[in-house]
**Q** 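Following this message is one structure expressed as structure tokens.
Lettering follows sequence order; numbering is per chain, from 1.
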2 protein chains.
Amino acid sequence: MKESNLSQQIEGNKELLFRHFEQYIRVSDELKSALDARINFVSFNKGELVHDADKVCTRSLFIQKGLFRTYFIKDGKEISEYFPAENEWSNSPKSFITRQKDMYYIDAIENTEAFCLKVDDLVYLFENFPEMERYSRLSMGTVFGHLMERIASLRFTTAKEKYDHFIKTYQEIHHRIPLGMIASYLGIAQETLSRIRSEK
Amino acid sequence: MKESNLSQQIEGNKELLFRHFEQYIRVSDELKSALDARINFVSFNKGELVHDADKVCTRSLFIQKGLFRTYFIKDGKEISEYFPAENEWSNSPKSFITRQKDMYYIDAIENTEAFCLKVDDLVYLFENFPEMERYSRLSMGTVFGHLMERIASLRFTTAKEKYDHFIKTYQEIHHRIPLGMIASYLGIAQETLSRIRSEK
DNA sequence: AATAGCTTTTGACCTGCGTCAAAAAATCAT
DNA sequence: ATGATTTTTTGACGCAGGTCAAAAGCTATT
């Protein structure tokens with residue numbers, strides 16, 4: 001993992017992050033500079049481990065370019081939980097919130113550039129900018145909806161329907177994710193997914 | 001549905017609700033009276049429809065005593081989504097947040113007493129009590145965790161494992177919910193659930 | 001460009017659980 | 001209580017999709 005704070009290219013791109021916040025709240029100049037002072041740039045190579053389940057997750061990464069995989073190990077196999085991509089936050093949610101270890105690993109499916117915000121800094125922002133609480137509440141609502149939809153699509157559906165639903169929710173991204181990881185995300189055998197794909 | 005605002009028994013019981021808030025935030029006297037002025041008591045008979053998917057969900061109910069079922073219709077069948085019980089909020093989440101219709105119905109599995117808070121009043125509280133934003137963010141975090149666990153337990157598990165997980169998450173409540181509703185919640189056939197139960 | 005190490009595909013086989021149907025048990029309304 | 005309705009149980013059967021095994025394709029490394 002490389003770090004860097006310099007470079008006008010990077011400064012300029014924080015706009016992307018501000019724009020993300022602005023989907024939910026108005027971002028004042030004070031908030032902007034508070035964010036600016038606490039967020040720094042990180043990058044990962046393809047295959048690199050971003051977060052280890054052996055550790056407490058103390059930072060949240062907002063992906064500017066690239067793709068991660070959140071996964072856990074069950075019976076020695078890697079089960080994909082979620083694929084965080086551009087303009088999304090990525091962390092081990094429960095670990096990040098409770099400051100305890102949790103089961104999730106995160107690694108990079110592609111070379112990835114991201115903005116890093118540490119828990120302690122986030123806490124500072126919550127304390128000093130109530131609009132950040134609102135941002136958090138509202139953006140969680142969005143994710144919430146996705147989780148509920150996903151739960152609905154896991155029950156009472158055939159493997160093919162699960163895959164179709166996946167294509168819909170990940171339409172921009174699905175071709176960047178290896179088949180095996182998609183299968184474990186959907187809870188179906190990779191052989192089955194391979195067969196589903198071949199008959200189209 | 002019967003309404004009422006009087007009665008010392010009811011006033012006294014709002015303490016339950018305040019205590020719930022206090023798990024996440026400090027509840028000042030000002031907040032208490034603001035809540036008190038905006039929350040009123042409602043009750044439902046067993047089987048009664050609490051929320052209709054044909055309407056926008058404009059209120060959130062905090063259950064004091066009783067049990068609801070949140071469900072939707074798929075291929076003419078009622079599929080249980082969730083069973084809100086004592087000390088939990090119940091609404092049609094997406095509808096409540098976006099003020100648009102959504103697919104969920106809610107009805108009462110038992111005679112149920114609840115506190116009712118309307119969206120507009122909640123918005124007022126958010127505007128005037130930033131700690132309510134925090135409460136909302138933190139309590140959503142809890143629910144979030146449950147949803148993720150549930151997603152994990154829907155994939156790669158046998159019908160029996162799904163049922164065992166259900167018993168664990170609903171340990172206080174599972175015996176109050178009819179078998180058929182549990183089966184649709186888990187995404188298994190009720191015949192299968194009946195067989196699982198009989199071999200114990 | 002050749003070897004090693006993954007990932008995906010194809011084939012054969014088998015079982016958990018869904019579906020359909022009907023009986024038994026429980027709940028409700030008069 | 002008694003008949004009507006709803007819910008649960010039991011049985012028979014079939015298939016979607018899991019498992020195991022091996023071949024075929026890819027990717028990366030020296």
Side-chain angles (χ1 to χ4, degrees), chain A residues 44-49 66-67 69 71 73-80 83 105 107-111 152-167 170 173-200, chain B residues 44-49 66-67 69 71 73-80 83 105 107-112 152-167 173-200:
Chain A
F44 301 88
N45 291 320
K46 179 175 177 169
E48 197 177 343
L49 197 66
L67 184 58
R69 166 184 64 148
Y71 66 98
I73 310 279
K74 182 184 162 104
D75 306 329
K77 286 182 188 163
E78 298 177 352
I79 310 292
S80 306
F83 303 105
Y105 298 80
D107 66 4
I109 293 179
E110 303 172 350
N111 293 337
S153 106
L154 281 172
R155 296 176 299 170
F156 302 107
T157 53
T158 62
K160 173 147 193 347
E161 287 169 328
K162 290 186 179 83
Y163 181 62
D164 289 342
H165 180 261
F166 169 78
I167 297 294
Y170 280 100
I173 294 153
H174 73 266
H175 58 276
R176 292 154 61 186
I177 306 171
L179 178 140
M181 294 184 185
I182 297 175
S184 76
Y185 173 84
L186 295 174
I188 64 180
Q190 51 176 300
E191 294 92 329
T192 303
L193 181 52
S194 173
R195 284 184 245 266
I196 287 169
R197 275 189 169 174
S198 70
E199 58 203 30
K200 288 210 179 189
Chain B
F44 301 87
N45 292 319
K46 181 174 177 171
E48 196 176 344
L49 196 66
L67 184 58
R69 165 183 65 147
Y71 65 100
I73 310 279
K74 184 187 159 103
D75 306 329
K77 286 181 187 164
E78 298 176 353
I79 311 292
S80 306
F83 303 106
Y105 298 80
D107 66 5
I109 293 180
E110 302 173 350
N111 292 338
T112 299
S153 106
L154 281 172
R155 296 175 300 171
F156 302 106
T157 54
T158 61
K160 175 147 190 352
E161 287 169 328
K162 290 186 179 83
Y163 181 62
D164 289 343
H165 180 261
F166 170 78
I167 297 294
I173 295 154
H174 74 265
H175 58 276
R176 293 153 63 185
I177 305 172
L179 177 140
M181 292 184 187
I182 297 174
S184 77
Y185 172 85
L186 295 175
I188 64 179
Q190 53 175 302
E191 293 91 330
T192 303
L193 180 52
S194 173
R195 284 182 246 266
I196 287 170
R197 273 189 171 173
S198 69
E199 58 203 28
K200 287 212 176 186

**Q** Roughly, in whole Å, what's the span from CD1 in A:Ile188 to P in C:dG16?
**A** 20 Å
**Q** Give a yes/no on whether any side-chain N or O of B:Thr192 is located under 4.0 angstrom from OP1 or OP2 of C:dC17.
**A** no
**Q** Find the distance A:Asp75:CG to D:dT19:C1' and express it as a whole number of Å.
**A** 14 Å
**Q** At 4.0 Å (heavy atoms only), tell me whether B:Leu193 reaches a base, stays on the sugar-phosphate, or touches nothing.
**A** nothing
**Q** Please give, in whole Å, the distance from D:dG17 P to A:Leu186 CG?
**A** 12 Å
**Q** Please report the shortest heavy-atom distance between B:Ser80 and B:Met181, naming the atom on each side.
**A** OG-O, 3.1 Å
**Q** Taking all non-hydrogen atoms of both residues, which atom of B:Ile177 and which atom of B:Leu67 are closest, and how far apart?
**A** CG1-CD2, 3.9 Å
**Q** With side chains defined as the heavy atoms from C-beta onward, is the minimum distance between A:Leu186 and B:Arg155 less than 4.5 Å?
**A** no
**Q** Would you mind reading off the distance between B:Met181 atom CE and D:dT7 atom C1', rounded to a whole angstrom?
**A** 10 Å
**Q** Less than 4.5 Å apart, any side-chain heavy atom of B:Thr192 and any of B:Lys162?
**A** no
**Q** Would you indicate what B:Lys46 reaches in the nucleic acid, counting non-hydrogen atoms under 4.0 angstrom: base, sugar-phosphate, or nothing?
**A** sugar-phosphate
**Q** Without decimals, in angstroms, what is the distance between B:Asn45 CG and C:dA29 P?
**A** 11 Å
**Q** Nearest to the side chain of A:Ala159 - D:dT8, D:dA21, D:dG17?
**A** D:dG17
**Q** Over how many whole Å does the gap from B:Arg197 atom CZ to D:dT10 atom P extend?
**A** 13 Å
**Q** Any donor-acceptor pair under 3.5 Å linking the side-chain atoms of A:Tyr185 with those of A:Arg69?
**A** no
**Q** Go through C:dT19, C:dT9, D:dT19 for me and flag the one nearest to the B:Glu191 side chain.
**A** C:dT19
**Q** If you check the B:Leu179 side chain, which of D:dT9, D:dT19, C:dT19 turns out closest?
**A** D:dT9
**Q** Starting from P on D:dT7, measure out to CD on B:Gln190 and report it in whole angstrom.
**A** 9 Å
**Q** For A:Tyr163 and C:dT8, what is the distance between atoms OH and P respectively, to the nearest whole Å?
**A** 11 Å
**Q** Can you tell me whether the side chain of B:Arg195 and the base of C:dG16 have a donor-acceptor pair closer than 3.5 Å?
**A** no
**Q** Do the side-chain N or O atoms of A:Ser198 get closer than 4.0 angstrom to the phosphate oxygens (OP1, OP2) of C:dT9?
**A** no
